[in-house]
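Reviewing the structure listed below.
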Amino acid sequence: MRNLSKGFIASLAFLLVFGCIPNEKIIYLQNQEGNTPIEDGELITYEIPEYKLQYNDIIDVNIQTIEDLMEFGFNSKPAQMSAQMGNVSAQSGGDVYYMTGFSVDQKGNIRLPIVGDVNVKEKTLEEARVTIEESLRKYVTSELYVKVKLGGVRYSALGEFRRPGKYVVLQDRMTIFEAIANAGDLTTVAKRDEVLLIRQYPEGTRLHRIDLLDRQIVASSFYFIQPNDQLYVEPLKVRETGTGENTAQTLALIFAGISSLALILNLLK
């Protein structure tokens, strides 16, 4: 019986020592040893590459002639309709313009009424706008206003997120921390120093490992996520020991174990 008690005490000590996750594994944006420190208030410059359209992208193309502008003004789509589309997108995780937009096919074309196929593959939104406007000039002689936009930034959050799922955020650009916050932040047991970013490129897919604990992430090319990015976060080893996400949960497990042991000892008497 004494050996059993000693073994149980040793198990409790193990849980208390290894069951708690140190702050160094949780705190974002630390100045890591071996890297040039980035001080608070220091200006960080970076170049944001313009996104180039790829297969399976969905874009909204808004075309207005001078007659449309005279009759409807600059906003041809009612604001209420746009709000409803945004709500549906937020609830379903789909693109805002899935039903009304134009999909880029495998050849890199979108199919517009009257004009037909227009190739937009590997073009920026501005380059796509110019190409579409040039195609329309063959059929429209009056003044034209053409606007091309993506249906927000679409990405997926998998693994140790508090709200994993597929999201569409209605803005032109978004940082990786905004994407994480939108998915409810990471759980306490998330492995923040080895986040897997799966990114689509025109030539294929690449997998990147990202350290969110390192402040250098702000100056890297992965600070801003791109449409169709996928984020996967693995759990820390502490999850395998069966301990809780925080001290309170770990203590609750310990006390539950003590209660179970006491019950077993009473039954053995």
Can you name the closest pair of heavy atoms from [X] and [Y] and give their distance?
| X | Y | value |
| --- | --- | --- |
| Pro37 | Asn31 | CA-OD1, 3.4 Å |
| His208 | Arg206 | NE2-CB, 3.7 Å |
| Val153 | Asp172 | CG2-O, 4.0 Å |
| Phe224 | Thr175 | CE2-CG2, 3.7 Å |

* **side-chain contact (heavy atoms from CB on, under 4.5 Å) between Phe102 and Leu112, worked out** => CA-CA 8 Å; Phe102 298 90; Leu112 295 176; 3.6 Å; yes
Is it the case that one hydrophobic cluster holds both [X] and [Y], taking links as side-chain heavy atoms less than 4.5 Å apart, direct or via other members?
| X | Y | result |
| --- | --- | --- |
| Leu29 | Met174 | yes |
| Phe222 | Ile180 | yes |
| Val233 | Ile27 | no |

* To do: List, by chain and then residue number, the residues other than Tyr232 in its hydrophobic cluster (Ile/Leu/Val/Met/Phe/Trp/Tyr, side-chain heavy atoms under 4.5 Å); write none if there are no others.
  =>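 Under the 4.5 Å side-chain rule, Tyr232 groups with Leu158, Leu196, Ile198, Leu207.
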May I ask you to say whether [X] pairs ionically with [Y], meaning some side-chain N is under 4.0 Å from a carboxylate O?
| X | Y | value |
| --- | --- | --- |
| Glu234 | Arg209 | yes |
| Lys147 | Asp60 | no |
| Asp40 | Arg215 | yes |
| Arg129 | Glu126 | yes |

* Walk me through it: do Leu53 and Leu125 pass the test side-chain contact (heavy atoms from CB on, under 4.5 Å)? => CA-CA 7 Å; Leu53 295 172; Leu125 293 178; 4.0 Å; yes
* From CA spacing to verdict: side-chain contact (heavy atoms from CB on, under 4.5 Å), Lys121, Lys107 -> CA-CA 8 Å; Lys121 183 179 180 182; Lys107 296 181 180 179; over 6 Å; no
* To do: Any salt bridge (charged side-chain N to carboxylate O under 4.0 Å, His left out) involving residues 173-188? Give me the pairs, sequence neighbours left out, ordered by first then second residue.
  => none
* Asked: Considering residues at least two apart in sequence or located in another chain, which fulfil the ring pair (Phe, Tyr, Trp, His ring centres under 6.0 Å) criterion with Tyr28?
  ->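 Result, ring pair (Phe, Tyr, Trp, His ring centres under 6.0 Å) vs Tyr28: Phe177.
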* Is Glu203 atom CD crowded by more than 12 heavy atoms from other residues, nucleotides or ligands, each under 6.0 Å away? -> yes
* So does Asp105 have more than 12 non-hydrogen atoms from other groups sitting under 6.0 Å from CG? -> yes
* Asked: Are any non-hydrogen side-chain atoms of Glu127 and Glu122 less than 4.5 angstrom apart?
  ->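 They are not in contact (no side-chain heavy atoms under 4.5 Å apart), so the answer is no.
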